[in-house]
Amino acid sequence: MPSTRVEILINKLISNSLTPEELDELLMLLEDSEEDITKVLKEYFDRLVNDQ
């Protein structure tokens with residue numbers, strides 16, 4: 001379950017349900033949350049690989 005705003009936005013991006021406003025927010029967060037985003041994306045791709 002997503003626990004941070006970055007995780008929520010990335011999950012919405014992946015599921016193609018991100019609004020234009022949320023995209024703007026995510027892009028702003030990218031500048032400040034590189035470590036969080038890297039963690040979320042790694043977890044997502046690990047799940048993809050493990051679910052195959």
Interatomic distance, [X] atom [atom1] to [Y] atom [atom2] [nearest 0.5 angstrom]:
X	Y	atom1	atom2	value
T4	K39	OG1	NZ	7.0 Å
L48	I14	CG	CD1	7.5 Å
R5	E25	CZ	CD	4.0 Å
S17	L9	OG	CG	9.5 Å

For the student: nearest non-hydrogen atoms of L13 and L26, plus distance: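 L13 and L26 have their closest heavy atoms at CD2-CD2, 4.0 Å.
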
Single-linkage hydrophobic cluster F45~I10, side-chain heavy atoms < 4.5 angstrom: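 Yes; I10 is reachable from F45 via cluster members.
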
Verify same cluster id: L27, L41 (apolar side-chain graph, 4.5 Å):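 Yes: a chain of side-chain contacts under 4.5 Å links L27 to L41.
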
